Amino acid sequence: MALVISPLVGQAQVNISGKAGLLNIPTARVLNDGTFYIGYHYNPSNYDPRANDPNKSVNVAEKQSSSIYYMTLALLPRLEINLNIFRINGYIPLKARGIGDRQFDIKYAVLTERPRRPSVAVIVSAPFGIDNSLVTYAAVATKNITLSETVTTEVTVGFGSPYYFDRSDNVGNDFDIFSNYKLQNKNDRPNPYLSGPFGGASFTYKKKAGGMIEWDSRHLNLGAYATLFNHWTVQAGVINFDQITFGTSYSVSLFHLPKRLGRSAAAVKH
């Protein structure tokens with residue numbers, strides 16, 4: 001249903017988990033109410049956030065790339081919900097197979113952008129998962145700057161907490177989501193996701209294409225994106241000047257009917 005409801009708004013890039021952002025980092029950009037995203041992102045093998053996972057029973061072979069599937073909905077003004085599924089590419093041991101590492105996130109815009117202030121948002125991951133690969137507890141601020149009639153830039157700074165709760169000792173008891181929580185430190189892993197200060201900037205030409213540069217709290221990354229037909233975005237980049245990452249997303253507005261449906265609804269009313 002979401003794929004046939006057409007928006008009349010443009011789209012910008014989203015990050016690795018489907019949140020408004022750059023390559024890896026999120027931004028405080030506020031989506032229009034009713035905006036819905038679905039998409040896919042490829043994460044290269046040298047930067048697996050699950051490396052040295054505390055849940056040893058589901059570890060997979062080293063140096064395997066991964067895929068992230070996601071959907072995001074601007075449920076209410078300032079409030080966005082995100083569901084992403086993290087899956088290892090290639091061979092997976094039998095005991096580690098399944099749907100994938102499921103994660104549920106909530107983003108709330110504490111402040112919306114004004115001429116003299118940035119937008120500010122907080123992002124929180126639900127702790128119910130066992131292997132929250134992209135777990136995020138972060139505060140982020142974003143400001144848009146007009147450089148010319150055709151070029152704008154979006155500047156973002158933020159901080160991600162290195163500490164989080166999970167229930168990695170609850171293996172085999174997936175239905176008990178309210179026990180065995182432990183405080184974990186992302187820095188115990190070689191590739192922690194958003195652990196410490198992060199920031200970046202995107203440069204957009206006529207709201208159709210642009211480039212990105214970011215510091216994701218561990219690596220300096222570069223990328224580019226293009227928006228096609230106002231709905232479909234493709235993007236690619238290089239992580240730490242080492243490996244390629246890429247993704248694609250599609251956005252719609254659940255509050256706008258396609259023209260044909262709109263005319264049909266008007267005819268019924270008359």
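These numbers come from a predicted model, not from an experiment.
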Side-chain heavy-atom pair Ile16, Asn84 within 4.5 angstrom cut-off: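 Ile16 vs Asn84: side chains apart.
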In the single-linkage hydrophobic clustering (I, L, V, M, F, W, Y; side-chain heavy atoms under 4.5 Å), do [X] and [Y] co-cluster?
X	Y	result
Phe36	Trp232	yes
Tyr69	Ile38	no
Val30	Tyr108	no

Criterion side chain to side chain contact (heavy atoms under 4.5 Å, CB included) on Asn230 and Lys208, from CA distance to verdict: CA-CA 8 Å; Asn230 293 323; Lys208 295 296 184 181; 2.6 Å; yes
The criterion is salt bridge (charged side-chain N to carboxylate O under 4.0 Å, His left out); which residues satisfy it with [X], sequence neighbours excluded?
X	value
Asp216	none
Lys143	Glu113
Arg29	Glu154

If we ignore angles and hydrogens, is there a donor and acceptor under 3.5 Å between the side chains of His41 and Thr245?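 A pair is found: one side chain offers a donor N or O, the other an acceptor, under 3.5 Å apart.
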Test item: side-chain donor near acceptor, Ser133 and Gln103, under 3.5 Å: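 Gln103 and Ser133 do not have a side-chain donor-acceptor pair below 3.5 Å.
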In chain order, what residues pass the side chain to side chain contact (heavy atoms under 4.5 Å, CB included) check against [X], with sequence neighbours excluded?
X	answer
Leu220	Ile213, Trp215, Phe241
Leu83	Met71
Tyr137	Val124, Pro127, Val135, Ser161, Tyr164
Asn187	Pro162, Asn185, Pro192, Ser195, Arg218

Which pair of heavy atoms, one from [X] and one from [Y], lies closest together, and at what distance?
X	Y	result
Pro26	Asn15	N-ND2, 3.5 Å
Pro197	Phe159	N-CD1, 3.5 Å
Ser67	Tyr40	OG-OH, 2.8 Å
Pro77	Asp33	CD-OD2, 3.5 Å
Leu23	Glu214	N-OE1, 3.1 Å
Ala20	Leu31	CB-CD2, 4.3 Å

I'd like to check the ring-ring contact (aromatic ring centres under 6.0 Å, His included) partners of Tyr193; sequence neighbours left out, ordered by chain and number. none
Go through the structure and list residues passing ring-ring contact (aromatic ring centres under 6.0 Å, His included) with Phe203, not counting sequence neighbours.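 For Phe203, no residue satisfies ring-ring contact (aromatic ring centres under 6.0 Å, His included) once neighbours in sequence are set aside.
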In this structure, OG1 of Thr35 is separated from CG of Leu254 (nearest 0.5 Å) by 8.0 Å
Using the rule given for side chain to side chain donor-acceptor pair (under 3.5 Å), can you reason through Lys186 versus Asn191, listing the C-alpha separation, both sets of side-chain angles and the distance that settles it, and then say yes or no? CA-CA 8 Å; Lys186 295 181 182 180; Asn191 296 309; over 6 Å; no
Any pair counted as salt bridge (Lys or Arg N to Asp or Glu O under 4.0 Å), so long as it reaches residues 224-246, sequence neighbours left out: none
What pairs meet the salt bridge (Lys or Arg N to Asp or Glu O under 4.0 Å) rule with one or both residues in residues 69-80, with sequence neighbours excluded?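 As it turns out, the salt bridge (Lys or Arg N to Asp or Glu O under 4.0 Å) pairs with a partner in residues 69-80, which skip direct neighbours, are Glu80-Lys107.
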Please walk me through it: do Asn221 and Ile25 pass side chain to side chain contact (heavy atoms under 4.5 Å, CB included)? CA-CA 10 Å; Asn221 312 319; Ile25 73 171; over 6 Å; no
ILVMFWY clustering at 4.5 Å (side-chain atoms), partners of Ile123: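 Direct or chained contacts put Ile123 with none.
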Steps toward side chain to side chain contact (heavy atoms under 4.5 Å, CB included) verdict (Ile145, Val155): CA-CA 8 Å; Ile145 302 171; Val155 180; 4.3 Å; yes
Can a donor-acceptor pair be found, under 3.5 Å and without considering hydrogens, that links the side chain of [X] to the backbone of [Y]?
X	Y	result
Thr204	Gly210	no
Ser66	Gln64	no
Gln235	Gly223	no

For Ser65, which of Asp48, Asn43, Asn89 qualifies under side chain to side chain donor-acceptor pair (under 3.5 Å)?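 That would be Asn89; it is the only one of Asp48, Asn43, Asn89 passing the side chain to side chain donor-acceptor pair (under 3.5 Å) with Ser65.
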Parallel, tilted or perpendicular, as decided by the 30° and 60° cut-offs, for the rings of Tyr47 and His219: perpendicular
Check against side chain to side chain contact (heavy atoms under 4.5 Å, CB included), Leu22 and Thr156: CA-CA 9 Å; Leu22 303 184; Thr156 293; 5.6 Å; no
For Tyr205, is the OH atom crowded, meaning more than 12 foreign heavy atoms sit under 6.0 Å from it? no
